[in-house]
Protein chains: 2
Amino acid sequence: MAVQDRQQVTIYEVAQRVGVSIATVSRALRGTDYVAPETRRRVLAAVEELQFRPSRLGQSLAEGRHAANGIVFPDLSGPYYSEVVLGYEEVAAELGNSVLILATHGRPDPSRKVLELARRVDGMVVMGRTVADDVVAQVAEIGVPTVLLARAAVGALDTITADNDTSARQLVEHLLEHGYQRFAYLGDPDSSPDVTDRYRAFREALTDAGRKPPRSPVRCAFDVDAGHRAARRALAGSPRPQVLVCANDEVALGAMAAAAEQGLTVPADVAITGWDDVMAARYAGLTTVHQPMRELGATAARWLQDRMAGSQAAVRREVLPTRLVVRTSCGPHDAEKEVRG
Amino acid sequence: MAVQDRQQVTIYEVAQRVGVSIATVSRALRGTDYVAPETRRRVLAAVEELQFRPSRLGQSLAEGRHAANGIVFPDLSGPYYSEVVLGYEEVAAELGNSVLILATHGRPDPSRKVLELARRVDGMVVMGRTVADDVVAQVAEIGVPTVLLARAAVGALDTITADNDTSARQLVEHLLEHGYQRFAYLGDPDSSPDVTDRYRAFREALTDAGRKPPRSPVRCAFDVDAGHRAARRALAGSPRPQVLVCANDEVALGAMAAAAEQGLTVPADVAITGWDDVMAARYAGLTTVHQPMRELGATAARWLQDRMAGSQAAVRREVLPTRLVVRTSCGPHDAEKEVRG
DNA sequence: TTGAAAGCGGTACCAA
DNA sequence: TTGGTACCGCTTTCAA
């Protein structure tokens with residue numbers, strides 16, 4: 001007699017209870033039109049008494065909007081995506097939208113899921129290497145406002161990225177100042193747009209400085225173990241590289257472990273750098289690049305809101321600044337350059 | 001002529017195009033009833049041609065379900081929640097449910113948002129210290145199946161937690177073996193159910209061993225900076241504590257920094273332990289406790305699915321095992337006990 | 001100020 | 001095998 005009454009209270013029951021039409025109840029509840037104060041009072045009383053909660057589905061169907069938006073990302077391991085998603089959620093929630101998440105987990109074909117997501121939201125953010133461009137285009141074409149984050153622009157969609165170029169160049173310059181000659185790059189430029197950019201900038205910076213970049217990157221996935229294995233391969237080369245420039249911090253941390261295993265000291269025997277400035281980087285003394293992750297997510301949420309509100313303004317493209325964080329893994333310095341990481 | 005036709009194609013247009021009723025289109029699409037092969041073919045052709053995508057809202061309203069579920073957590077910074085959410089998302093998605101997230105960000109009163117979330121899902125998971133018990137009870141009463149994760153049971157709701165007790169005791173025992181006498185606890189037992197348990201078990205273990213537990217914990221928030229400040233306070237005490245048992249790894253890492261600043265060596269001058277086994281812990285040599293985070297989320301998702309499917313089985317309560325990870329920060333050992341953290 | 005009723009876009013039962 | 005139609009629960013226009 002209590003467990004089974006899953007029957008939701010509807011607006012009809014409220015109306016009946018008060019002795020008015022459902023239209024009046026609706027008005028009283030949303031304050032969209034004038035309702036006699038006395039009537040409103042009675043409606044609210046009945047709502048309270050019956051514990052009426054309007055059905056979101058009925059509401060959305062009638063309003064023609066979900067009041068929700070989604071975000072698609074590859075994964076959530078590692079602080080990078082978590083922080084971005086968090087920044088996104090915070091702003092989206094503030095703007096009154098619920099947030100749907102979709103992790104592609106590196107699955108072969110997430111387009112079905114992405115399209116499915118598109119049917120449940122008023123707008124969505126698509127991050128990095130998750131789905132093919134044509135799927136993104138399709139989503140946009142359906143009429144779902146879309147903002148791209150940390151991936152190359154597609155059509156006329158708003159796109160926000162972090163600056164891989166400048167920092168990669170600064171990093172190389174810094175390493176050159178240390179006097180290094182032989183560089184290796186650990187990471188797969190095909191694995192994500194960010195790495196593609198970082199690797200390209202890395203090569204260009206070396207070339208511009210009159211150095212010869214490595215023939216090819218030592219390809220590996222984004223995790224510690226992959227970095228460990230890749231570093232082992234790289235360090236087996238002869239002559240041994242003096243610096244391992246890694247696609248991200250996880251890879252770099254794995255590389256540090258590999259170096260230690262081989263009895264190599266960092267940075268005396270081999271220098272190592274990462275990317276992302278995860279918390280562990282600080283404790284490992286890892287030289288890396290800090291990205292404004294929270295800000296990336298927050299900005300995406302705001303832009304999306306504008307588009308959902310119908311803004312037809314020109315396409316927005318923005319590259320948020322990043323910051324080189326010099327610690328000890330890249331070589332000896334006079335003093336610790338970092339104040340409080 | 002292309003930008004403005006936000007008009008979604010409806011099932012009516014498909015039906016008209018094919019010259020059948022909407023009922024037939026619906027059947028052809030969901031394969032719920034027999035449809036003449038030829039008819040089905042024509043329907044699918046029209047669907048393709050018109051790029052028809054059924055409205056999720058219409059569908060859900062008619063079906064009486066959202067095909068979505070939610071998860072409420074305090075935050076996403078730090079790997080703990082990220083991993084749990086990821087494990088949850090993965091399973092939920094596999095089971096055909098979209099996932100809505102809600103981060104409470106430690107805001108004063110998230111009950112509005114939680115209730116709002118409850119209107120959009122068929123079931124939800126509520127983690128740790130996010131909302132008051134009565135809100136959870138209310139959500140459950142509304143008829144939204146709810147699973148509790150890492151928080152004390154409420155009513156007859158399924159509850160899954162990680163084992164704080166056993167590990168806390170093991171940890172204390174291990175520290176006692178090191179011969180320490182003076183313990184301090186860094187963290188706020190009121191900040192989360194997990195810390196409440198850990199602190200209690202910590203005290204009990206000391207008491208059981210005939211030692212005197214600290215008069216009170218050194219309260220601090222869950223982040224590195226808070227841990228840093230708390231450690232400074234704790235280390236200023238006289239006599240100085242020999243061990244700082246920290247509520248989680250972030251706090252412990254902050255404490256390590258504080259110790260270093262004061263010229264104290266870990267573990268020679270002061271031992272430090274954490275909780276969670278975040279990536280940085282490995283590189284900091286931090287003795288800590290590993291939790292099955294992914295598994296927590298995944299299990300919650302499965303249980304929720306059962307309840308959403310209408311299971312009236314007895315309340316489920318499960319405590320997943322955790323694992324003490326001994327590294328160097330707790331004191332000298334014959335050999336590194338950890339194989340590959 | 002309020003009510004009647006037409007949607008919103010589907011699903012599924014009942015007949016044919 | 002297919003069609004007609006009654007919902008699902010709410011919003012909003014048009015009249016009264």
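A quick note: this is a predicted structure, and the numbers were derived from the prediction, not measured. Labels below follow one simple rule: chain letters A, B, ... track the order of the sequence lines, proteins then strands, and each chain is numbered from 1. Scope of the values below: all heavy atoms of this structure, side chains included, with no hydrogens, waters or symmetry mates.
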Can you give the first and last nucleotides of DNA chain C, 5' to 3', that have an atom under 4.0 Å from a heavy atom of chain B? C/dG9 to C/dC13
For the residue pair A/Pro74 and A/Thr104, what are the closest heavy atoms and their distance? CA-OG1, 3.3 Å
Return the 5'-most residue of the pair A/Ile22, A/Tyr34 with respect to DNA chain C, ranking by each residue's nearest nucleotide. A/Tyr34
Both B/Asp33 and B/Ile11 contact DNA chain C. Which one's nearest nucleotide lies toward the 5' end? B/Ile11
Distance in Å, B/Tyr81 OH paired with A/Ser82 OG, rounded so as to fall on 0.5 Å steps: 13.0 Å
Nucleic acid contacts of residues 23-32 of chain A, taken as heavy-atom distances under 4.0 Å to DNA chain D: A/Ala23, A/Ser26, A/Arg27, A/Arg30
Opening and closing nucleotides of DNA chain D in contact with chain B, under 4.0 Å to non-hydrogen atoms: D/dT1 to D/dG9
Heavy-atom nearest nucleotide on DNA chain D for B/Val35 versus B/Ala62: which residue maps closer to 5'? B/Val35
Working note: B/Leu29 + B/Leu44, criterion side-chain contact (heavy atoms from CB on, under 4.5 Å); need CA distance, chi angles, decisive distance, verdict. CA-CA 7 Å; B/Leu29 244 33; B/Leu44 295 181; 3.7 Å; yes
Residues 67-84 of chain B vs salt bridge (charged side-chain N to carboxylate O under 4.0 Å, His left out), sequence neighbours excluded, gives B/Glu83-B/Arg294
Partner residues of [X] under the salt bridge (Lys or Arg N to Asp or Glu O under 4.0 Å) criterion, sequence neighbours left out:
{"X": "B/Glu49", "result": "B/Arg17"}
{"X": "A/Asp190", "result": "A/Arg219"}
{"X": "A/Arg30", "result": "A/Glu63"}
{"X": "A/Arg41", "result": "A/Glu38"}

Inspect the surroundings of CD in B/Gln16 and state if more than 12 heavy atoms from other residues, nucleotides or ligands are less than 6.0 Å away. no
Other residues, nucleotides, ligands: >12 heavy atoms within 6.0 Å of B/Arg107 CZ: yes
Could you name each residue pair satisfying side-chain hydrogen bond (donor to acceptor under 3.5 Å, both in side chains) that touches residues 122-145 of chain A, not counting sequence neighbours? A/Asp133-A/Arg151
Is the closest side-chain donor-acceptor distance between [X] and [Y] under 3.5 Å?
{"X": "A/Ser111", "Y": "A/Asp109", "result": "yes"}
{"X": "A/Arg119", "Y": "B/Gln59", "result": "yes"}
{"X": "B/Arg307", "Y": "B/Gln305", "result": "no"}

For residues 94-103 of chain B, run the donor-acceptor check on the side chains, cut-off 3.5 Å, and write out each pair with its distance to 0.1 Å, sequence neighbours left out.
| residue | atom | partner | partner atom | Å |
| --- | --- | --- | --- | --- |
| B/Ser98 | OG | A/Arg120 | NE | 2.9 |

Looking at five pairs on each end of the helix from C/dT1-D/dA16 to C/dA16-D/dT1, what is the angle between the two axes, given to 10 degrees? 40°
In residues 36-55 of chain A, which residues come under 4.0 Å of DNA chain C by heavy atom? A/Ala36, A/Thr39
